[in-house]
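Residue numbers begin at 1 in each chain, while the letters A, B, ... track the order of the sequences.
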Protein chains: 2
Amino acid sequence: MDQNARDDAAVGSLLLQDQLCFALYAASRSVTTRYRPLLDELGLTYPQYLVMLVLWEQGSVSVRELGTALQLESSTLSPLLKRLETGGLIRRERRAEDERSVAVRLTPAGADLQEKARAVPLAIGEAMGLTPEQDATAKHLLRLLTENVTRN
Amino acid sequence: MDQNARDDAAVGSLLLQDQLCFALYAASRSVTTRYRPLLDELGLTYPQYLVMLVLWEQGSVSVRELGTALQLESSTLSPLLKRLETGGLIRRERRAEDERSVAVRLTPAGADLQEKARAVPLAIGEAMGLTPEQDATAKHLLRLLTENVTRN
DNA sequence: CTCGATTAAGTTGTGCGCGACTGAATCGAG
DNA sequence: CTCGATTCAGTCGCGCACAACTTAATCGAG
């Protein structure tokens with residue numbers, strides 16, 4: 001309560017510790033750092049892991065669809081996908097029905113990696129140490145914030 | 001409630017949209033993107049803006065103290081500070097009492113920039129569109145999460 | 001006092017992340 | 001049908017972000 005009351009009064013402050021944006025920035029990097037040793041075992045970086053999540057879920061997607069799902073530009077995805085392809089986890093091929101579009105799909109090695117990845121979300125969830133209610137509240141607020149910030 | 005109940009059951013899921021980590025990653029980038037046009041006016045990037053916040057607050061700090069405040073490595077800060085120094089906003093000098101340490105302080109131009117920066121937190125706060133209670137809750141949960149993830 | 005351990009800042013290499021841009025394919029108003 | 005507008009993937013340049021490492025200065029056990 002004291003904490004919240006103090007933070008409430010901080011709107012418009014230039015103090016670092018008052019800023020929600022800094023809490024967000026620090027939290028995001030701390031989570032990525034926490035993922036690193038787990039993903040090293042799979043030979044993935046964190047953004048590569050997110051791409052693999054989409055592919056495990058959807059099977060085959062265009063670069064554009066990946067960008068929509070992950071909110072990333074093609075200028076970020078193209079080099080990342082090239083590295084995943086070099087690593088033998090995905091293949092890319094132009095779509096016959098629209099030659100502008102590129103279909104990204106898993107190789108057998110990429111599909112196999114899903115099994116090794118199953119332990120990752122549990123380990124991260126445990127490290128975050130939030131109750132299910134806190135986890136749900138955080139997700140809700142972050143989605144709301146993202147939607148507002150993107151629209152405004 | 002339905003949303004929360006559905007999310008509660010998602011612990012350990014490999015679905016992208018279930019992951020708190022992705023909500024965090026997307027939110028952090030969306031906020032940084034929202035800052036960009038505002039900070040362009042000041043000639044700053046978002047991490048540079050965070051460094052300036054610390055300097056406006058503290059006056060003079062070592063690179064190590066900046067790293068502690070922002071949770072950034074010297075390998076990130078050193079080139080960033082070099083760019084701020086080239087831009088005429090800060091000066092760096094070895095400390096007499098400990099020649100390993102470097103004191104970072106504002107130039108007059110760097111100090112003057114604070115006035116132009118005052119409008120930034122308000123604009124961002126408005127764009128985020130959270131109630132004061134939601135803002136405080138989000139900050140609380142993000143700090144808790146960061147602390148847990150960093151420790152575990 | 002001394003010298004191995006620690007600490008501070010910086011360098012290097014790799015991988016994002018995005019704005020600005022390019023070239024090729026497709027769309028669609030007229 | 002046509003040609004300007006749009007869409008898609010990709011390249012380029014720059015600035016993080018961090019692991020691994022280097023160099024120089026300080027610390028501290030013996």
Side-chain angles (χ1 to χ4, degrees), chain A residues 22 25-37 39-40 43-52 61-68 70-87 90-104 150, chain B residues 22 25-40 42-52 61-87 89-104 150:
Chain A
F22 175 67
Y25 168 75
S28 180
R29 285 185 297 111
S30 74
V31 169
T32 303
T33 299
R34 186 63 185 74
Y35 264 106
R36 201 181 317 279
L39 295 181
D40 278 351
L44 295 173
T45 65
Y46 179 66
Q48 289 169 7
Y49 167 71
L50 295 179
V51 167
M52 296 302 285
V61 291
S62 67
V63 175
R64 161 158 182 63
E65 289 162 342
L66 272 175
T68 301
L70 301 175
Q71 298 174 220
L72 289 172
E73 305 295 321
S74 69
S75 49
T76 299
L77 285 172
S78 286
L80 186 157
L81 293 171
K82 191 184 291 185
R83 285 184 284 273
L84 284 178
E85 191 167 37
T86 301
I90 65 166
R91 287 186 308 114
R92 282 188 293 178
E93 48 197 28
R94 291 275 161 192
R95 282 188 162 147
E97 67 274 24
D98 183 345
E99 290 281 342
R100 290 172 304 182
S101 181
V102 165
V104 181
T150 304
Chain B
F22 174 67
Y25 169 75
S28 180
R29 285 184 299 110
S30 74
V31 169
T32 304
T33 298
R34 187 62 185 72
Y35 264 107
R36 200 180 318 278
L38 301 176
L39 295 181
D40 278 351
L42 309 184
L44 295 174
T45 65
Y46 180 65
Q48 289 169 8
Y49 167 71
L50 295 179
V51 167
M52 296 303 285
V61 291
S62 67
V63 174
R64 163 159 180 64
E65 288 163 342
L66 271 176
T68 300
L70 301 176
Q71 297 173 220
L72 290 171
E73 304 296 321
S74 71
S75 49
T76 298
L77 286 171
S78 287
L80 186 157
L81 293 172
K82 190 184 292 185
R83 286 185 283 272
L84 284 177
E85 191 168 37
T86 302
L89 298 179
I90 65 165
R91 286 187 307 112
R92 283 188 291 178
E93 48 197 26
R94 291 274 160 193
R95 283 190 161 145
E97 67 272 25
D98 184 344
E99 290 280 341
R100 292 172 303 180
S101 181
V102 165
V104 180
T150 304

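Proximity of A:Arg92 to the phosphate of D:dG10: a side-chain N or O atom is located under 4.0 Å from OP1 or OP2. Contact annotation: B:Tyr46 side-chain N/O to C:dG17 OP1/OP2 distance is not under 4.0 Å. Note on A:Tyr25: every side-chain N or O is 4.0 Å or more away from OP1 and OP2 of D:dC16. Within the structure, every side-chain polar atom (N or O) of A:Ser101 is placed at least 4.0 Å from both OP1 and OP2 of D:dT7. Between B:Gln48 and D:dC16 there is a side-chain polar atom (N or O) within less than 4.0 angstrom of OP1 or OP2. For B:Arg29, a side-chain nitrogen or oxygen approaches OP1 or OP2 of C:dC18 to under 4.0 Å. A close approach under 4.0 Å does not occur between any side-chain nitrogen or oxygen of A:Lys82 and OP1 or OP2 of C:dG15. Put simply, B:Arg100 has no side-chain N or O that comes within less than 4.0 Å of OP1 or OP2 on D:dT26. Phosphate contact (OP1/OP2 of C:dT14, side-chain N/O of A:Thr45, threshold under 4.0 Å): absent.
Note on ring orientation: taking the six-membered ring where Trp is involved, the planes of A:Tyr35 and A:Tyr49 are tilted (angle from 30° to 60°).
With D:dA9, D:dC16, C:dT11 as the choices, the nucleotide that has an atom nearest any side-chain atom of B:Arg83 turns out to be D:dC16. In this structure, the nucleotide among C:dC18, C:dT26, D:dA17 sitting nearest to the side chain of B:Thr33 is C:dC18. Side-chain atoms of A:Glu99 lie closest to C:dT26 of the nucleotides C:dT26, C:dT11, D:dG10. When distances run from any side-chain atom of A:Val63 to the nucleotides D:dA9, C:dA9, C:dC16, the shortest one goes to D:dA9.
Distance, B:Leu50 CG to D:dC16 P: 10 Å, rounded to whole Å. What separates CG of A:Leu39 from C1' of C:dG15 is a distance of 14 Å, to the nearest Å. For B:Leu80 and C:dA9, the CG to P distance is 15 Å, given to the nearest whole Å. Atom CG of A:Leu70 is separated from atom P of C:dG17 by 10 Å (rounded to the nearest Å). C:dT7 atom P lies 14 Å from atom CD of B:Glu73, rounded to whole Å. Going from atom CG of A:Asp98 over to atom C1' of D:dA9 covers 11 Å, rounded to whole Å.
Applying the Watson-Crick and G-U wobble criteria (two distances, each under 3.5 Å), C:dC18 pairs with D:dG13. In a base pair of the Watson-Crick type (N1 to N3 plus N6-O4 or O6-N4) or a G-U wobble (N1-O2 and O6-N3), with each distance short of 3.5 Å, C:dG30 is matched with D:dC1.
The distance from atom CD1 of B:Ile90 to atom CG of B:Leu84, rounded to the nearest 0.5 Å, is 5.0 Å. The OH atom of B:Tyr25 sits 8.0 Å away from atom OG1 of A:Thr32, with the distance rounded to the nearest 0.5 Å.
Proximity of B:Glu85 to B:Val104: side-chain heavy atoms (C-beta onward) are nowhere separated by under 4.5 Å.
Within 4.0 Å (heavy atoms only), A:Leu77 reaches no atom of the nucleic acid at all. Looking at heavy-atom distances under 4.0 Å, A:Thr32 makes no contact with the nucleic acid at all.
Judged by closest nucleotide on DNA chain C, B:Ser74 is the one of A:Ser75 and B:Ser74 placed further toward the 5' end. Positionally, the nearest nucleotide of DNA chain C for B:Arg64 lies more toward the 5' end than for the other of A:Thr76 and B:Arg64.
Judged as a side chain to side chain contact (heavy atoms under 4.5 Å, CB included), and not counting sequence neighbours, the contacts of B:Arg83 are B:Gln48, B:Pro79, B:Leu80.
Looking only at distances, no side-chain donor or acceptor of B:Arg92 sits under 3.5 Å from a matching main-chain atom of B:Ala103.
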